[in-house]
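Report on the structure given below.
Note on naming: letters A, B, ... go to the chains in the order of the sequence lines (proteins, then strands), and numbering restarts at 1 for each one. The basis for the numbers below is simple: all heavy atoms, side chains too, and nothing from hydrogens, waters or symmetry mates. Worth saying up front: this structure is predicted, and the values here are computed from it rather than measured.
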Amino acid sequence: MSDIVTIAATRRDRAGKGVARATRRAGLVPAVIYGDKQTPVGIAVEPKELVRMMHRPGFLTHRLTLDVEGTKYDVLPRDVQLDVVTDRPLHFDFLRLGPNSIITVDVPLHFRNDVASPGIKRGGVLNIVRHEITVRTRADHIPASFELDLTGLEIGDTIHLSAIVLPEGVRVVSREKDATIASIAPPTTVAAEATATSAAGGTAATATATSAAPGKAAAAGGKAAGGKAAAGKAAATPGKAAGGKK
Amino acid sequence: MLSPKRTKYRKAFKGRIHGVARSGATLAFGDFGLKALEPERVTARQIEAARRAMTRHMKRAGRVWIRVYPDLPVSMKPAEVRMGSGKGAPEFWACRVKPGRIMFEIGGVGAPIAREAFALAAAKLPIKTKFVARMGAGEA
């Protein structure tokens with residue numbers, strides 16, 4: 001783990017959306033420190049450094065020190081709420097860490113040596129099922145990430161949880177005993193393109209063949225359906241596709 | 001092109017696109033995504049054109065996920081027809097896209113290739129979009 005960064009913060013006495021919005025208008029981001037069986041503390045932080053850290057790997061597994069008006073808190077970023085359009089942070093959650101805290105945390109997985117995998121070389125696609133795994137560990141021994149080696153993997157091979165070498169004192173939390181993490185899938189791009197093309201043709205054919213079928217299509221017929229048919233377009237128009245199946 | 005196999009009703013109201021995306025606004029499958037920044041109806045043709053542009057640029061590597069589905073039948077009246085006489089015939093399928101929606105995702109390729117592929121795809125779409133990466137992937 002890298003050095004523990006210290007972030008300055010100010011205390012926020014009042015909670016609620018009005019105060020939170022006022023904090024955002026002031027250029028700060030509302031946040032909360034909770035955990036370790038103590039009362040939560042509402043704070044406001046300067047987003048610049050945190051945003052920079054957010055875009056680096058392992059933001060949610062790196063401890064921070066928050067300096068809230070002189071009081072220092074040892075914390076772990078727990079959650080970030082982002083604006084759905086701008087992706088600017090709206091709120092941070094920080095978990096307060098005690099001296100012997102044991103916590104559950106999601107650790108990211110990094111897949112290495114894809115060039116040494118014959119399956120990927122032959123056009124296989126690395127299908128990642130889990131981008132991170134949940135582990136239970138002491139707060140001062142959180143692994144920044146787990147590395148998974150893809151050397152020698154062929155198309156059809158899978159990587160399971162058991163392939164991860166866990167450091168001492170780290171335990172995986174998983175409902176499945178040996179869950180799949182990733183697999184090397186056969187190349188799908190060309191096949192998918194061919195299927196898509198034939199599907200488009202197939203739908204048109206189906207629509208044309210079944211458009212005379214009785215039911216809603218015939219009932220709805222009239223000018224609209226007639227006009228479309230007269231235009232002679234064989235494409236899978238919504239009316240034909242929908243009407244044809246009724 | 002994407003289209004529903006069967007629908008309950010042949011024609012739909014025009015509707016309006018209000019607000020921002022509540023669901024489908026985070027990356028779910030891949031490492032990189034193309035996020036819509038404007039509200040607009042995106043047609044099945046545009047989705048297909050974008051998909052082709054991406055898969056061709058990626059040259060069989062990686063994987064593409066399409067996170068929008070055109071299930072809205074859009075009707076049009078024929079040319080030179082007087083107003084009235086009922087709603088026009090369904091012409092194409094579209095989906096309503098709200099700002100913030102992740103429209104496509106890519107996985108299994110590096111950030112530069114994904115960025116180029118999305119730039120080609122974005123040129124086929126009627127809206128402004130932006131490139132997004134999974135948090136901690138080293139891209140923003």
Side-chain angles (χ1 to χ4, degrees), chain A residues 51-61 80 82-87 108 111 114 120 123-128 131-132 145 185 187-190 192-193 196 199-200 203 206-207 216-217 220 222-231 233 235-246, chain B residues 1-12 20-22 25-27 29-31 35-37 44 48 51-52 55-56 58-64 70 72-75 77-78 81 85-93 98-101 107-108 130 132-140:
Chain A
V51 168
R52 201 175 296 150
M53 290 169 70
M54 243 166 61
H55 292 137
R56 280 190 229 131
F59 173 63
L60 298 177
T61 55
V80 189
L82 302 172
D83 184 287
V84 290
V85 181
T86 62
D87 286 323
F111 297 88
D114 52 344
I120 293 176
V125 178
L126 177 65
N127 184 23
I128 301 171
H131 288 272
E132 52 209 12
S145 67
T188 52
T189 324
V190 174
E193 194 130 347
T203 322
T206 316
K216 199 145 192 178
K223 286 166 247 165
K228 184 64 208 158
K233 288 179 191 169
T237 56
K240 283 176 187 172
K245 297 280 176 179
K246 293 278 176 186
Chain B
M1 282 198 294
L2 294 171
S3 66
K5 282 196 181 71
R6 56 182 289 269
T7 53
K8 193 167 181 181
Y9 301 106
R10 285 181 64 228
K11 297 175 185 178
V20 295
R22 293 285 163 204
T26 53
L27 289 172
F29 302 102
D31 297 317
K35 181 177 270 196
L37 298 179
E48 176 62 13
R51 188 194 67 79
R52 283 186 187 192
T55 50
R56 281 180 189 167
M58 287 159 62
K59 291 178 187 150
R60 297 178 58 189
R63 199 172 159 189
V64 174
L72 178 79
V74 179
S75 63
K77 277 179 170 289
V81 167
S85 310
K87 194 170 167 80
E91 286 288 330
F92 57 89
W93 294 96
K98 290 183 173 187
R101 177 85 189 193
K130 78 170 181 180
V132 290
R134 193 171 280 278
M135 196 160 76
E139 283 271 347

Problem set entry | Test log, rule side-chain contact (heavy atoms from CB on, under 4.5 Å), inputs A:V84 and B:K98 | CA-CA 10 Å; A:V84 290; B:K98 290 183 173 187; over 6 Å; no
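For A:L60, the part lying under 4.5 angstrom from a heavy atom of chain B is the side chain only.
Taking each heavy atom of A:T86 and B:K130 in turn, the nearest pair found is O-NZ, 3.1 Å.
Residue with the most contacts toward chain B among A:L126, A:I128, A:V85: A:V85 (heavy-atom pairs, distance under 4.5 Å).
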